[in-house]
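All remarks here apply to the structure that follows.
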Amino acid sequence: MNMFLRHRVPLIRMRLAFFFIQAFFFVLCCILIAIIPANLPYVVSADASSWITPAESLLLHKDYVMYDNPEYEYLFRPPIIPVFNAFFLWLGGEHGIKTIILAQIILVSATSFLIAKTADKIQKGAGLVAMVLFLLNPNTLSTAFLIQSETVFVFFLTSSSYALLEYSDKRRWRDITISSLLLAMATLARPTTQYLIVLFPFACWLLLIIVHKHTALTFQKIFQSIVATGLAVLLVTPWALKLAQSEGGPTLTTAEIRSIYIYDQLLTMESYKNGISINDAKKTVVENKTLKQTKVCGSLEYNSSARASCFREAEKRYIRQLLGYPIREYVKPITKSFANFFFSGSSGNWHNLLEMNNQSNLVTIATNVSDQQSFTMVKEILSNLGFWSITITVLCLLFSVLLKMMSLVGVYELIKRRHFAVLTVCLALIFYFFATTLFLGQSRYRVPIEPYFTVLATFGLLRLSKAINDVRR
């Protein structure tokens, strides 16, 4: 009886702690939702219109078409996020934007639960630490208050990763099927993960070998991974075939949106190559005939093969130009992208949400000061911030830097504990998302991997805590 109570009491305490942490989190979020202007999350969100407009069109036209031109299908964004937004716009009525934000807060909570369960697989009780770290993360939390795709995307990707780790441990059909289907859902939210579907069977085999060694790769397990990957491919196929009608072949993104992404990469390179600001780089690229062609492409009929072909040609020219620099000129953009990707604090989101500064003024500074004059840019921006804005900036940056430092300690700790499956998933996804970002490193593109930094940092923090306690003794 005493032994039962000894095990039961810590479990009850953990559940109470979980409840109070989540309750406190929801109370704070609801207060913030109540005080911010109704339309602010939409106004301050980058590319918000591309996620909301198709949702509004769904409600108005009862089909996935362009809002002002319903005779054309909407192909710019995949359907998951607009469908999500449409449901909560309908549910919330005049408070639709805030209802979307509340739904995203719930998804952040659910994601924190999955992260806690992942940490608990390694050490019981570590999940509470991981949950708190994730819920307090300024990058994750601020993103949930914006009309963007990251919060829903992160929920699907984290769920898929957790199911994959469950499969590597228990080797059940259910887990590998759930993992593959959720990865496909993540891809239909943001196509960034489309290459992970291709790599999925290899990831399964690698994790099985890591966990179960020579007994892992039986014919049944190979068959499981191939079937699960096939199911993921089947789920994304309807969208790929829909795009194929205008794009000339199955694809998950249009040539138009790919050309925009590569153009942004090219602007960054031009900025560094010539030591000029982003705005000046735009003027330089405007003189390039590729950009003039892009403007012609935009004037062609929506969803036509001619428009798609035109943007494909622009995309190819951008790629050739992007790959045409001397090797040494890639070093600075990659270095700065690395620093911004891993260490930026996402304070700008909080400035905008709390309306603490003139957003347009800061954007003007950031785009007009040369990228090679980073200290000048920082000085100019700080001079336009008040005390509380600077305080938020410092706290966000401090959290980000400390989280990465603890993550490094966490890598060492997981190696020492020989939990290579969790470590492999975390490091592989961190590397993958940095690689897909290339020169455009920023806190927004880091949002998908915050769960994996959180898991690593949790065990770094526990290791540091243990070391401090040992020294005191």
Do the side chains of [Y] and [X] get nearer than 4.5 Å, heavy atoms only?
X	Y	answer
Gln104	Phe155	no
Glu413	His419	no
Leu28	Leu32	no
Thr218	Ile222	no
Leu266	Asp264	no
Ser347	Leu397	no
Leu353	Leu146	yes
Leu235	Leu231	no

Is the side chain of [X] donor-acceptor paired with the backbone N or O of [Y] at a distance under 3.5 Å, no angle test?
X	Y	value
Arg446	Ile430	no
Ser259	Glu256	yes
Ser271	Leu267	no
Lys336	Gly441	no
Ser149	Ile81	no
Ser337	Leu438	yes
Arg258	Thr253	yes
Ser50	Asp47	yes
Ser142	Pro138	yes

No-hydrogen, no-angle side-chain donor-acceptor test under 3.5 Å, [X] and [Y]:
X	Y	answer
Glu450	Asn139	yes
Ser400	Lys404	yes
Glu315	Tyr263	no
Asn349	Ser346	yes
Thr143	Thr151	no
Thr192	Tyr432	no
Ser109	Gln22	yes
Arg417	Gln123	yes

Which distance, rounded to the nearest 0.5 Å, do you find between the [atom1] of [X] and the [atom2] of [Y]?
X	Y	atom1	atom2	value
Met131	Asp120	CE	CG	8.5 Å
Ser179	Arg174	OG	CZ	13.0 Å
Ser168	Leu164	OG	CG	6.0 Å
Asp169	Lys121	CG	NZ	4.5 Å
Phe459	Arg463	CZ	CZ	13.0 Å
Leu165	Lys170	CG	NZ	11.0 Å

**Request:** Evaluate the side chain to side chain contact (heavy atoms under 4.5 Å, CB included) criterion for residues Arg77 and Ile257: first the C-alpha distance (whole Å), next the side-chain angles of each, then the deciding distance (0.1 Å), finally the verdict.
**Result:** CA-CA 9 Å; Arg77 296 293 192 188; Ile257 198 167; 3.4 Å; yes
**Prompt:** For Thr193 and Thr187, what are the C-alpha separation, side-chain angles and deciding distance, and is it a side chain to side chain donor-acceptor pair (under 3.5 Å)?
**Reply:** CA-CA 5 Å; Thr193 49; Thr187 303; 2.8 Å; yes
**Request:** Assess the pair Phe20 and Phe24: is the distance between their ring centroids shorter than 6.0 Å?
**Result:**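 No.
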**Item:** Within the 6.0 Å centroid threshold, strictly below: Phe113 and Phe18
**Value:**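 Here the rings of Phe18 and Phe113 have centres that are less than 6.0 Å from each other.
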**Derivation of the side chain to side chain donor-acceptor pair (under 3.5 Å) call for Ser161 and Tyr452** = CA-CA 10 Å; Ser161 303; Tyr452 314 106; 2.9 Å; yes
**Request:** Applying side chain to side chain donor-acceptor pair (under 3.5 Å), run through Thr393 and His351 and close with a yes or a no.
**Result:** CA-CA 8 Å; Thr393 300; His351 296 159; 3.0 Å; yes
**Request:** For the residue pair Phe145 and Trp350, categorise the inter-ring angle as parallel (less than 30°), tilted (30 to 60°) or perpendicular (more than 60°).
**Result:**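 The arrangement is tilted - the two ring planes meet at 30° to 60°.
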**Electrostatic pair Arg172-Asp175, nearest N-O below 4.0 angstrom** =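 Salt bridge present between Arg172 and Asp175.
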**Message:** Assess the residue pair Phe433 and Tyr445 against the criterion (side chain to side chain contact (heavy atoms under 4.5 Å, CB included)); give the C-alpha distance rounded to whole Å, side-chain angles, the decisive distance to 0.1 Å, and a yes or no.
**Reply:** CA-CA 8 Å; Phe433 278 92; Tyr445 296 141; over 6 Å; no
**Message:** Leu157 vs Arg190, test: side chain to side chain contact (heavy atoms under 4.5 Å, CB included). Steps then yes/no.
**Reply:** CA-CA 10 Å; Leu157 183 60; Arg190 280 195 82 92; over 6 Å; no
**Request:** Evaluate the side chain to side chain donor-acceptor pair (under 3.5 Å) criterion for residues Gln224 and Tyr167: first the C-alpha distance (whole Å), next the side-chain angles of each, then the deciding distance (0.1 Å), finally the verdict.
**Result:** CA-CA 10 Å; Gln224 280 180 335; Tyr167 171 72; 2.7 Å; yes
**Asked** Passes side chain to side chain contact (heavy atoms under 4.5 Å, CB included), Phe342 versus Phe434? Steps please.
**Response** CA-CA 9 Å; Phe342 285 100; Phe434 173 64; 3.9 Å; yes
